[in-house]
Amino acid sequence: MPEEVRAIPLRARRSGPLNGRVRPPGDKSISHRSLMLGALAVGETTVEGLLEGEDVLSTAAAMRAFGATVTRADNGWWSVKGLGVGGLLEPEHVIDYGNAGTGVRLAMGIAGSHALAATFTGDASLVGRPMGRVFDPLRRMGVQVLSRSGDRLPATLRGSDMPLPIEYRLPVASAQVKSAVLLAGLNVPGTTTIIEPVPTRDHTERMLTAFGAQIEIATGEDGARIIRLEGRANLKPQKIVVPGDPSSAAFPIVAALIVEGSDVTVENVLMNPTRFGLVETLIEMGADIRIENRRSIGGEDVGDVRVKGGRLKGMVVPPARAPSMIDEYPVLAVAAAFAEGDTKFEGIGELRVKESDRIASVVAGLAANGVTVEEGPESIIVHGAAKVPGGGTVATHLDHRIAMSFLVLGLASDEPITIDDAAPIATSFPEFRAMMAGLGAQFEEPKLG
Ligand code: S3P
């Protein structure tokens, strides 16, 4: 949906203590799923607190293309009038999903078990990302996939009118793959089974339960999660409240930690255990973080995260924790740059296939700003120091989290840090700049030439 936008360079400079209270935007994963399950329920689903970032707006457009009515009311609530499982219509145009990997992978799952043809594409980042991980199980369910490049977009999916239930053991720890298969399974006769050796974010399972799908979760003998979903489901519309995104909260949290004297409270943050690995890790590194006002919203735990600036200690981040903080490694690397000693991230090969190759982007960005860093095929070692020289320019490669991470680094480095393009930030956190500036962060648009 979004057109290619002009690059907008942005610079962050060393800022005074950050102070205040902020509320991050709605969780991106839950926002995508709200619109999708709303489209698959018969009747009207309302969504309060939807993330209005480009990625989620691409899902709104995609659901409209499949025939759902998706609108925003003046009070900021969204409404989705769905057509029911099996009721989606064939899109009349190519669905351009912009930068949104989660959106397109889940939407391909939905399209796959409807008897229609749909063509998906995306921006320069998305067309470079692997889609075989979704095409493979969908093919086993009877979907015909036509992609000139094999496992990349653009691709046309032709769903079968006799889709097959499958049992699928996830070959990669990916909530996107799990969710694509479950969403496809909604319109398949019989039981679709996912075996998940390493648990990943569970929003799809939680939300399917809330919408009235028959879904059972058990633990196998080897400890794997086994998810069984009965197909030809009849989903009931819901009133959804989207909690704040922990992956967006990560930026003010780390900024407050590395800017001396800061005291920041990030309110209304989703604390689902499959998403909270960053805060757990920062606390183990010695961060002064307290969770206040813990409560439950729409079946999810949320809390206010209060952070004070202070020195961290390096550590080895356990690979088993990766799925619960997979999007937070870039900003954790920024925190690690100021830690005492080395911080080692292992088992993070999946970072190579995110919006950019995040191992390469993080290593290049840190090195350009005077941080000593080592790159392995599936690991990063950051050698922390009391000071970060800064002064470098960082290539963001259409990656919102790389852009925000290095702006955060620039708030505490000796010299300012420039990113080549802040435009991708709008995919997940359009209010980032204003929100951070409200806490005392200093940004400026560099003069070109
Ligand atoms: C997401 C899952 C993660 C994550 C992405 C959102 C989701 O991807 O990186 O930003 O909403 O399911 P993988 O599950 O492929 O690791």
One thing to verify: whether [Y] and [X] come together as a salt bridge, which I'm taking to mean a side-chain N less than 4.0 angstrom from a carboxylate O.
{"X": "E445", "Y": "R433", "value": "yes"}
{"X": "K344", "Y": "E346", "value": "yes"}
{"X": "R401", "Y": "E355", "value": "no"}
{"X": "R306", "Y": "D288", "value": "no"}

I need the minimum non-hydrogen distance between [X] and [Y], along with the two atoms involved.
{"X": "P243", "Y": "L270", "result": "CG-CD1, 3.9 Å"}
{"X": "P137", "Y": "I166", "result": "O-CD1, 3.7 Å"}
{"X": "L138", "Y": "A184", "result": "CD2-CB, 3.8 Å"}
{"X": "L186", "Y": "A213", "result": "CD2-CB, 4.4 Å"}
{"X": "I291", "Y": "G303", "result": "CG2-CA, 4.3 Å"}
{"X": "A320", "Y": "P323", "result": "O-CD, 3.5 Å"}

Does the [X] side chain pair with the main chain of [Y], one donor and one acceptor, at a distance under 3.5 Å?
{"X": "D301", "Y": "N272", "value": "no"}
{"X": "R13", "Y": "L411", "value": "no"}
{"X": "S147", "Y": "R152", "value": "yes"}
{"X": "E415", "Y": "G392", "value": "no"}
{"X": "D421", "Y": "I8", "value": "yes"}
{"X": "S413", "Y": "G390", "value": "no"}
{"X": "S262", "Y": "L18", "value": "yes"}
{"X": "T427", "Y": "E54", "value": "no"}
{"X": "D357", "Y": "V353", "value": "no"}
{"X": "N187", "Y": "S113", "value": "yes"}

Contacts table for residues 307-315: side-chain donor-acceptor under 3.5 angstrom, sequence neighbours left out:
{"from": "R311", "atom 1": "NE", "to": "F338", "atom 2": "O", "distance (Å)": "2.7"}
{"from": "R311", "atom 1": "NH2", "to": "F338", "atom 2": "O", "distance (Å)": "3.4"}
{"from": "R311", "atom 1": "NH2", "to": "A339", "atom 2": "O", "distance (Å)": "3.3"}

Requested in this report: Check step by step if side chain to side chain contact (heavy atoms under 4.5 Å, CB included) holds for E350 and R358.
Outcome: CA-CA 9 Å; E350 272 297 293; R358 284 187 176 155; over 6 Å; no
Report task. Just do the side chain to side chain donor-acceptor pair (under 3.5 Å) check on R228 and T191 with the steps written out, would you? Result -> CA-CA 6 Å; R228 293 191 182 87; T191 311; over 6 Å; no
Query raised in the report: Can N268 and R295 be said to form a side chain to side chain contact (heavy atoms under 4.5 Å, CB included), step by step?
Result: CA-CA 9 Å; N268 199 41; R295 58 209 184 270; 3.3 Å; yes
Report task. Assess the side chains of W78 and E52: does a donor N or O sit below 3.5 Å from an acceptor N or O? Result -> yes
Rounded to the nearest 0.5 Å, what's the gap from [atom1] on [X] to [atom2] on [Y]? Could you check?
{"X": "I425", "Y": "E431", "atom1": "CD1", "atom2": "CD", "value": "11.5 Å"}
{"X": "R290", "Y": "I283", "atom1": "CZ", "atom2": "CD1", "value": "11.0 Å"}
{"X": "L37", "Y": "L183", "atom1": "CG", "atom2": "CG", "value": "6.0 Å"}
{"X": "E216", "Y": "L229", "atom1": "CD", "atom2": "CG", "value": "10.5 Å"}
{"X": "D136", "Y": "D151", "atom1": "CG", "atom2": "CG", "value": "8.0 Å"}
{"X": "R133", "Y": "K178", "atom1": "CZ", "atom2": "NZ", "value": "14.0 Å"}

Report summary line: Residue pairs passing the ring pair (Phe, Tyr, Trp, His ring centres under 6.0 Å) test with at least one member in residues 401-425, sequence neighbours excluded, are none
Query raised in the report: Which pairs pass ring pair (Phe, Tyr, Trp, His ring centres under 6.0 Å) with one or both residues in residues 342-392, sequence neighbours excluded?
Result: Y329-F345
Query - Option among T59, D27, T102 that satisfies the side-chain hydrogen bond (donor to acceptor under 3.5 Å, both in side chains) test with H32 - result: T59
Requested in this report: For side chain to side chain donor-acceptor pair (under 3.5 Å), just list the numbers for D304 and T265, CA-CA rounded to whole Å, side-chain angles, deciding distance to a tenth of an Å, and then say yes or no.
Outcome: CA-CA 6 Å; D304 301 340; T265 301; over 6 Å; no
**Report entry** Evaluation steps, salt bridge (charged side-chain N to carboxylate O under 4.0 Å, His left out), between R352 and E378
**Finding:** CA-CA 8 Å; R352 295 220 180 260; E378 299 197 356; over 6 Å; no
Query raised in the report: Can you list the steps and then say if K354 with D399 is a salt bridge (charged side-chain N to carboxylate O under 4.0 Å, His left out)?
Result: CA-CA 8 Å; K354 295 295 178 187; D399 188 332; over 6 Å; no
Query - Verdict with reasoning, S247 to R275, per side chain to side chain contact (heavy atoms under 4.5 Å, CB included) - result: CA-CA 8 Å; S247 303; R275 297 289 301 283; 3.1 Å; yes
**Report entry** Candidate list V269, V408, V279, V264, test side-chain contact (heavy atoms from CB on, under 4.5 Å), partner I253, passing option
**Finding:** V279
Query raised in the report: Going through the checks in order, is the side chain to side chain donor-acceptor pair (under 3.5 Å) test met by S324 and T274?
Result: CA-CA 5 Å; S324 70; T274 63; over 6 Å; no
Query raised in the report: Does the side chain of E230 reach to within under 4.5 Å of the side chain of I215, using non-hydrogen atoms?
Result: no
Report summary line: In R201, R225, R169, the residue satisfying salt bridge (Lys or Arg N to Asp or Glu O under 4.0 Å) with E196 is R225
Query raised in the report: Should D123 and N99 be marked as a side chain to side chain donor-acceptor pair (under 3.5 Å) after you check the CA-CA gap, both sets of side-chain angles, and the distance that decides it?
Result: CA-CA 6 Å; D123 71 5; N99 193 252; 2.9 Å; yes
**Report entry** Atom CD of E284: over 12 foreign heavy atoms under 6.0 Å
**Finding:** yes
**Report entry** Test salt bridge (charged side-chain N to carboxylate O under 4.0 Å, His left out) applied to E328 and R321, step by step
**Finding:** CA-CA 11 Å; E328 284 67 83; R321 199 175 287 168; over 6 Å; no
Query raised in the report: F432 vs F443 aromatic rings, parallel, tilted or perpendicular, using cut-offs 30° and 60°?
Result: tilted
Requested in this report: Run the numbers on M36 and L106 for side chain to side chain contact (heavy atoms under 4.5 Å, CB included), then give the verdict.
Outcome: CA-CA 8 Å; M36 290 177 177; L106 271 56; 3.5 Å; yes
